[in-house]
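Here is the naming used below: chain letters follow the sequence lines, and residue numbers restart at 1 for every chain. As a basis for the values below, the full set of heavy atoms in this structure was taken, side chains included, without hydrogen atoms, waters or symmetry mates.
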2 protein chains.
Amino acid sequence: MQGTNHDDLRRRNLSIILRLVHRGGAASRAQLTRLTGLNRSTIGALVAELVERGLVEERMPDPTRLAGRPSPIVAASDRVVALALNPEIDAITVGVVALSGVVHRRIRFATRSSPTAAEAVAITVSIVDKLRSELSEYSIIGIGVAVPGLVRASDGLVRHAPHLGWVDEPLGDLLAAATGLPVVAANDASLGVTAERYFGAGQGMTDLIYLNGGSSGIGGGLVVGGVAAGGRAGYAGEFGHVRVSASGQKDSAGIAGTLEAEVTRDALLEALGLRASETDADTLERALLASDSPVVHAEVARQLDFLAVALAGAVNVLNPQVIVLGGFLSALHAVDPDRLSRAVAALSLGTAFDGVRIAPALLGSNLLLIGAAELAFEALLLDPQLDRGNTFALSALGARAAVSPASHPR
Amino acid sequence: MQGTNHDDLRRRNLSIILRLVHRGGAASRAQLTRLTGLNRSTIGALVAELVERGLVEERMPDPTRLAGRPSPIVAASDRVVALALNPEIDAITVGVVALSGVVHRRIRFATRSSPTAAEAVAITVSIVDKLRSELSEYSIIGIGVAVPGLVRASDGLVRHAPHLGWVDEPLGDLLAAATGLPVVAANDASLGVTAERYFGAGQGMTDLIYLNGGSSGIGGGLVVGGVAAGGRAGYAGEFGHVRVSASGQKDSAGIAGTLEAEVTRDALLEALGLRASETDADTLERALLASDSPVVHAEVARQLDFLAVALAGAVNVLNPQVIVLGGFLSALHAVDPDRLSRAVAALSLGTAFDGVRIAPALLGSNLLLIGAAELAFEALLLDPQLDRGNTFALSALGARAAVSPASHPR
DNA sequence: AGTGATACGTTGCCAGAGTCAACAAATCAT
DNA sequence: ATGATTTGTTGACTCTGGCAACGTATCACT
């Protein structure tokens, strides 16, 4: 329970304004005045400080059709960026995402085999090194990592990433040492919920559930009472391992009858007669919608019914406003939204399900990059007055081979 | 996204101090200084304001064995109270709970049959009326109601309380009109979690799950990321209706195979050969522990295994620090804690279950009164500067029959 | 075009809250 | 009794947001 003093007050207000323009998009000063309830002069002073720190930019007019003096538009800067990293089985993806929401760059480096943590770091460093000249024009806040597995929130230790074959890999520390930048890492699904919550299907929601179906399982995340649920150690959101059936079918963790064991993309592909390697999310959805095979329909119905058990459980316990489905779960939902709705309704309390919307995820392939960048931005959003040694980090990166990280000043 | 101005700052700091002494018990000024990080002089001023408002009292010294000038002890007032109300099938319980945590009074009014909402209000008013002289010495903040059913958080409308047979009863409005006091109502289980969180087995926890087993079902509540989860409309925490089995056994809401359908107190009593009416929670626990009947053991094992399914699901999704079990679930747990632990471990991700403690609820019969009072105190804790017209309310109460509530000033 | 209305940024002054430093007070240790 | 230590108290200070008057930029109507 921290007390609040004068400095905190300023910080908070700066933070609130920066959050507003970052998450809500550009806004006029007048709008900020109304949204925050602060005085015009105060907004003026706060915006001025943010401009001076290079965090926001003021664009003039904007074709306004209102009477009165036009209000300058305040927008989050394009030049303040976070690096986003997403290691996967067959590729490392690095993104350069601006505070304004723009994804400046997105580089996918395909790997022959699943990379080790050290390889992932090396590849990231080499990609970033190639971008040096471009990056030198930006202020780099830090690196956000979306890991397909369980990550300890405190230090970015990857506890267990089954698909990558990583166990207790100190990815966060390795990356920080190699780049000199602050690194934050989290589970990919929980970053998906962050992205969808601020920029996608969950905008403005305080209670939402997000489930993502990937090739290797089902993950998810949740927002409860406006707070992203991390749990005791950041492992919350593992909807895939919730039990939904009495069958003996086991999932990747060896637990029987779970959502992940019953609802799989592979089973859908098999029913459709498609190959996993050549089927992305959109193709799958189109194929499912186009199919009139009774086998496919039966499989879809079976999976929807199991999905409903998990969703109903979550509805009863969390009484959310919206359930967002991503990946192949979105395709599954698209085939027969009514069936899913009815099944969830049948298995949940009427009052709790009342008003719950089931919606497909809106953000596509940039989802994880945006989520990961958001994670890195969080420190800045929390304290816009924080000094950032971005130039340093970059030079450190260039000299990485020659100088040991420990010898850098600071 | 509200901005913070000077007044808010003061309010926040007052709020933080009041919360600290209310929830953490009495503390010296020096301790408050350390806890909040605020300046000594600031703490002095803030405490002085709280004293002046009658919300806290300063007791002198306290046998301290430290060197230095002794610091006055700041304690929440005994004279600032909330009324707590808990309507049940066979009784109405009214409590007078002080901000200090003391339960001044607890009056149980047995009813022959399940009371209607109007009857509950009438009984409450008459009980409060009898306490008039005692209450006149107190400052009454408001009324908190713990309802065994679904309550809309915004206005205290009881949507559905199956055991009382209430549907859409505007209990909150009725009580407010009859007493002139602010009324807040919530589900009894979610108030249980509040009470346990602040004063019981969940002290200091940011992520906890609470399940309570009552004679008529299983309810619960949860705290996620330090925030009590209410959900979209305050219906969160209905663990009883989560599906745990493929059986056709239906629960009170007509859903098959749920926790509430499989895990019941009646089944335990039947196995033990006991009568519901003459068995309270303690008796049940003792009987279960003493029994060596294989029938009883089998039933306990069966129920524990189903309970484990629900808990494991919650563990996977929420990654809590502690699971608190109340009511007959506490007794069930006491019989074979290891079995439950092992079963939950087997059904949840190792990393997510790692470090989760399963503990019995600590607060006994005052649980709901404390939780309900806490609900009523919340407004005061949020804004200690709020003016309260307590004297008014009391006189209004006495004159209730003669004067219509609308004609009261303010 | 000219004029008024409207909306908004700017400026200088003010009030309130927390900080700071010096001092006083109350205890323990020697 | 003296000093060390911890803490409350007091008044000067700083910083932040509020406020009101003023200036400015647009729209709408004549």
(request) Go through residues 9-25 of chain B and report each residue with a non-hydrogen atom lying under 4.0 Å from DNA chain C, sorted by number. (result)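 Leu9(B), Arg10(B), Asn13(B), in order of number.
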
(message) Could you check whether Arg11(A) pairs with Asp8(A) (Lys NZ or Arg NE/NH1/NH2 to Asp/Glu carboxylate O, under 4.0 Å)?
(response)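 Counted as a salt bridge, because a side-chain N and a carboxylate O are separated by less than 4.0 Å.
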
Anything under 3.5 Å between a protein N or O and an N or O of nucleotides 3-5 of chain D, put it in a table, one pair a line.
{"residue": "dT5(D)", "atom": "O2", "partner": "Gly68(B)", "partner atom": "N", "Å": "3.3"}

(message) Can you pull out the residues from residues 34-48 of chain B that lie within a 4.0 Å heavy-atom distance of DNA chain D?
(response)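 Within this stretch, Arg34(B), Arg40(B), Ser41(B) sit under 4.0 Å of the strand.
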
(request) Could you list by number each residue of residues 26-33 of chain B showing a heavy-atom separation from DNA chain D of less than 4.0 Å, or answer none if no residue does? (result)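 Within this stretch, Arg29(B), Ala30(B) sit under 4.0 Å of the strand.
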
(request) To the nearest Å, give me how far apart CD (Gln385(B)) and P (dG16(C)) are. (result)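 Rounded to whole Å, this separation is 12 Å.
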
(message) If I take atom CG in residue Asn5(A) and atom C1' in nucleotide dT14(D), what distance separates them, rounded to the nearest angstrom?
(response)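 Distance, rounded to whole Å: 12 Å.
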
(message) Enumerate the ring-ring contact (aromatic ring centres under 6.0 Å, His included) contacts for residues 12-53 of chain B, please, sequence neighbours excluded, ordered by first and then second residue.
(response)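 ring-ring contact (aromatic ring centres under 6.0 Å, His included) check on residues 12-53 of chain B returns His22(B)-Phe199(B), His22(B)-Phe377(B).
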
Listed partners of [X] passing salt bridge (charged side-chain N to carboxylate O under 4.0 Å, His left out), at least two apart:
X: Glu57(A); value: none
X: Glu374(A); value: Arg23(A)
X: Arg232(A); value: none
X: Arg79(A); value: Glu137(A)

(message) Just to verify, what does Glu134(A) make a side-chain hydrogen bond (donor to acceptor under 3.5 Å, both in side chains) with, not counting sequence neighbours?
(response)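 Glu134(A) satisfies side-chain hydrogen bond (donor to acceptor under 3.5 Å, both in side chains) with Arg105(A) only.
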
(message) Between the opening five pairs and the closing five pairs of the helix from dA1(C)-dT30(D) to dT30(C)-dA1(D), how far apart are the helix axes, to 10°?
(response)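 Axis angle across the helix from dA1(C)-dT30(D) to dT30(C)-dA1(D), nearest 10°: 10°.
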
(message) I'd like to check the side chain to side chain contact (heavy atoms under 4.5 Å, CB included) partners of Asn366(A); sequence neighbours left out, ordered by chain and number.
(response)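 Partners of Asn366(A) under the side chain to side chain contact (heavy atoms under 4.5 Å, CB included) test: Val103(A), Arg106(A), Leu369(A), Ile370(A).
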
